[in-house]
Structures are given as structure tokens and as C-alpha cells.
Number of protein chains: 2
Amino acid sequence: MTELEKGPTGRRRGRGARERILGAAQQLFREQGINRTGMDQLCAAAEVSKRTAYQHFTGKDELVAEYLRRFDPSVLSGVFDRTDLTPRERLLAAFDIPATTPLCPYIGAAVELHDPLHPASQYARDYKKAVAARLADAAREAGAADPEQLGEQLALLLDGAAARTRVLNADAFPTAAAIAAVLIDSAIPAGDDRRPAEASS
Amino acid sequence: MTELEKGPTGRRRGRGARERILGAAQQLFREQGINRTGMDQLCAAAEVSKRTAYQHFTGKDELVAEYLRRFDPSVLSGVFDRTDLTPRERLLAAFDIPATTPLCPYIGAAVELHDPLHPASQYARDYKKAVAARLADAAREAGAADPEQLGEQLALLLDGAAARTRVLNADAFPTAAAIAAVLIDSAIPAGDDRRPAEASS
DNA sequence: CCGTAAGCACACAGGGCGGTGTACATAACA
DNA sequence: TGTTATGTACACCGCCCTGTGTGCTTACGG
């Protein structure tokens, strides 16, 4: 019980230096990038002494990895769990999130770190594959002829939209959504888009 | 006439420290990324003293900008100038280049520099728009209903393939090409794909 | 033969980086 | 009361980075 969740107190501040560090990381990494954000600045933003930060994380690498790991659920959930949509609508809904979600940091991380062996790069790959798999699941539900292929294609569209948005500084997701619509229509036998209720019963 | 192209001599080496510097930049930036490539290393690779490098380029930023600017023609030409292909084939040929071409550095540059005002970021945007425009031209030639839209869509596919290839460490261009085929077929009135010879005469 | 332009070798400044060492403060718990 | 876990403040290290200053070498051109 040497962990920080030991007692009700919280020692000094509102409890959880980790949380503040990760919060600051999330903000700064996204605003400035990973490489351009120093630990000094990060700790200042988190109102945490550098000494403390290095007691919670063995190094910046671990922090980056954890930062990416935490991002996982925020994007996936809320899109694939909407049972009120038909599978087809759910596939398309994946292209509506970017406005709310800042922008997939995995591409940036992979580019910035530039080391495929970095744990964060591993997380990035896992995440990408997870998204593709989820899309493939939805595609299967929607009755696609080749769900894996459609999932991979839609995942590529998401990445393309993210990258293009970043480079051009203009939202490219509508374009991606338009492509997605074409792909879905051409991959799913006509009219085979059942409501979840009808499908499950 | 204080420039280096002043005379036939070449002073010391095979003439053109600039060329060697840019050559080394092209190689190193691509292999290691921009931020991870120091001027010391770059100058060593170019067999140029650091002092000389800073006499040719006011700073690393200018070097990066020039590096991106030079990249322009190498990708565009050779794909869009192949008059032996039908417009449709030309559109698809754009997805075959990645094997020969290392990988679009503009996305990486935009991410690494992380400053939309950086001249290199400007070049990146210009390049992306140029590619989309060229694709739109080819799409128009191919008889697409909405060439601009198709060009933008195909450009997004290229970016998506580049980004995904980078993150997953696996070639994503075949997937992009498959999508492109679907898009093209759905955007071009059936069978309207004339040989250039027939079209021009 | 000398001037001059291009380039080199080397050292160094200044700064940010990741990371650490030391000494001190707080507050729960015994 | 004192111990211990947690965290702070601050200085510090070594490293690498971009960028310069200084003096020396090379080789063409007159």
C-alpha cells in the first residue's frame, strides 16, 4: 500500500500529481508536439516539481507512452457504442468525431518519435489496428461482403483525413466521409442495412 | 556574380557545396526525420564544414524549406506525364509510386515543425494543393463528373496511405489504390476512358 | 606573383534538454 | 511525539543543438 491511492487525504494538493502531469501532457503534447515540449515546461504547467514527475514516471518516454495509452478509449467509445444507429450509420459516424476530438495524436507521435520500437509507437500501431478491427466489426454487422477490407479502407480514410487536416489546416473529414459513403454503398449488398433491433431479434 | 555558379572551376571539390548539403539533407531528413538530424551530422555527411553550410543557408529553417521545395518535381513528374496511359490509368498510377519514392516528407515536416507559419509548412500546403490539382486535371481528362472532388478525394487517399504506412510500418498503398479504383469507377460515366491519342486527335 | 573568393578545422558560446541530488515542508499514523 | 510517505524548491550535471568567430588552406584569375 505504498501507492498514492493509499488514503483519503491527498497529502498536499487536490490529490494526484499523476493526473495533473498527464493532463498537462495531454494539452501540451497536442498543442506543441512531443519533442517541442520540455519537462520543465510540462512540470510548470502541471504545477508539479520536476522531482516529483520523475518519481511518478521513470522518464519522458514512459510519460509519452502513458499519454497515448490513455487516449485510447476516448475516441473509440461513443462512436461504436451508439446502438441507436444502423451499422451503416455507425460506420459513417466515425467521420463526425474530429470536431469534438482534437486530432489523433498517434500519427504525430509516430512521426515525432521516429522509432518503431518506442513503446508509444507500439501503442499507436495497436490503436490503429483496434480501430480497423472495430470498423471491420461494424462492417460485418452491416453485411459487407469483405468486412476486413472495408474496415481497413475506412481506417485509411480516417488517417488520411487526420493527416490532411493537419497539413492543410483545413477539415478534410467531410471529404473522407463522402468517400466512405461510396465505399460502403459499393461494398454492401443493396439495402442490406438493418436496424440493430431487427438484426438482434 | 558572387554566386557559386560563377565559373567553370569549382574551387576545391566536384563543385557545389550546396548540392552536397541538400543531398545529405534529403537523405538524412528522410531516414531520421528533421528534428533528429543535427547540423553537425548533416555537414559531416555532406563532407562540408559547418561554417560553409551556414554561408549557404542562413539557418536550418531555410535548409528545410529548400529541401521541401526541391522535392516537388520528383514526385509529380513521371506520374502525370505518362501519356502512354489513359487518364484513368494515370490516376491509378499515382498509387504505385511509393515503392520507388521513399515517402512523402511533407506530412512528416508539417508534424515535426509544428508551426503552420514555417515556410516549409507553406511549401507542404502548396505541394498538397498542387497534387490535388493535378489529380483533378487528370480526373477531368478522364471525364469525371466532378473532377475537383475526385482529385481531392484521391489526394486524401495518398495522404492516408502515406500516414498509415508510416504508423503501421506496412505498405498501405495497395489498399488506397483499391479505394481509388472504386471512386474512379463511380465518378466516371461508364466506359468513358479514352486513350490520349484518340482524345487529342 | 599576388589578390581574392571559396572552403576548411576547430573551438566556443548560449540554450534547451532529460535527469538527479540535496535539503526542506507537510500531514497522516503510531 | 516522532516516523514515514509524499511532495516541494532549487541548484546542478552532462549532452546535444543551432549558430559564430577566428585563423588557415586552396586554387583560380589577372
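Numbered from 1 within each chain, the chains take letters A, B, ... in sequence-line order.
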To the nearest Å, give me how far apart CD (B:Q55) and P (D:dT20) are. 11 Å
Under 6.0 Å between ring centres: does that hold for A:F95 and A:F173? no
Can you measure A:L42 atom CG to C:dC17 atom P for me and round it to whole angstrom units? 11 Å
Measuring only between side-chain heavy atoms, which start at C-beta, is A:E66 closer than 4.5 Å to A:R18? no
Please determine whether a side-chain nitrogen of the Lys or Arg among A:R90 and A:E141 lies less than 4.0 Å from a carboxylate oxygen of the Asp or Glu. yes
What is the per-nucleotide protein-contact pattern of nucleotides 18-23 of chain C, from the 5' end, where B denotes a base atom under 4.0 Å from a protein heavy atom, S denotes such proximity for sugar-phosphate atoms only, and - denotes neither? SBBBB-
Angle between the end axes of the helix from C:dC1-D:dG30 to C:dA30-D:dT1, five pairs per end, to the nearest 10 degrees? 10°
Does A:D126 pair with A:K129 as a salt bridge, N-O distance under 4.0 Å? no
Applying ring pair (Phe, Tyr, Trp, His ring centres under 6.0 Å), which residue pairs with at least one partner in residues 129-163 of chain A are found, sequence neighbours left out? none
Answer yes or no for A:R36 and A:F29: cation-pi contact, defined as NZ/CZ to six-membered ring centre under 6.0 Å and angle to ring axis within 45°. no
Under 3.5 Å donor-acceptor, B:T37 side chain and B:G33 backbone: yes
With a cut-off of less than 4.0 Å, is there a side-chain N or O of B:H56 near OP1 or OP2 of C:dG7? yes
Walk me through whether B:D185 and B:R88 qualify under side chain to side chain contact (heavy atoms under 4.5 Å, CB included). CA-CA 9 Å; B:D185 288 340; B:R88 183 182 186 279; 2.8 Å; yes
At less than 4.0 Å, is any side-chain N or O atom of B:T52 found next to OP1 or OP2 of C:dC8? Yes or no. yes
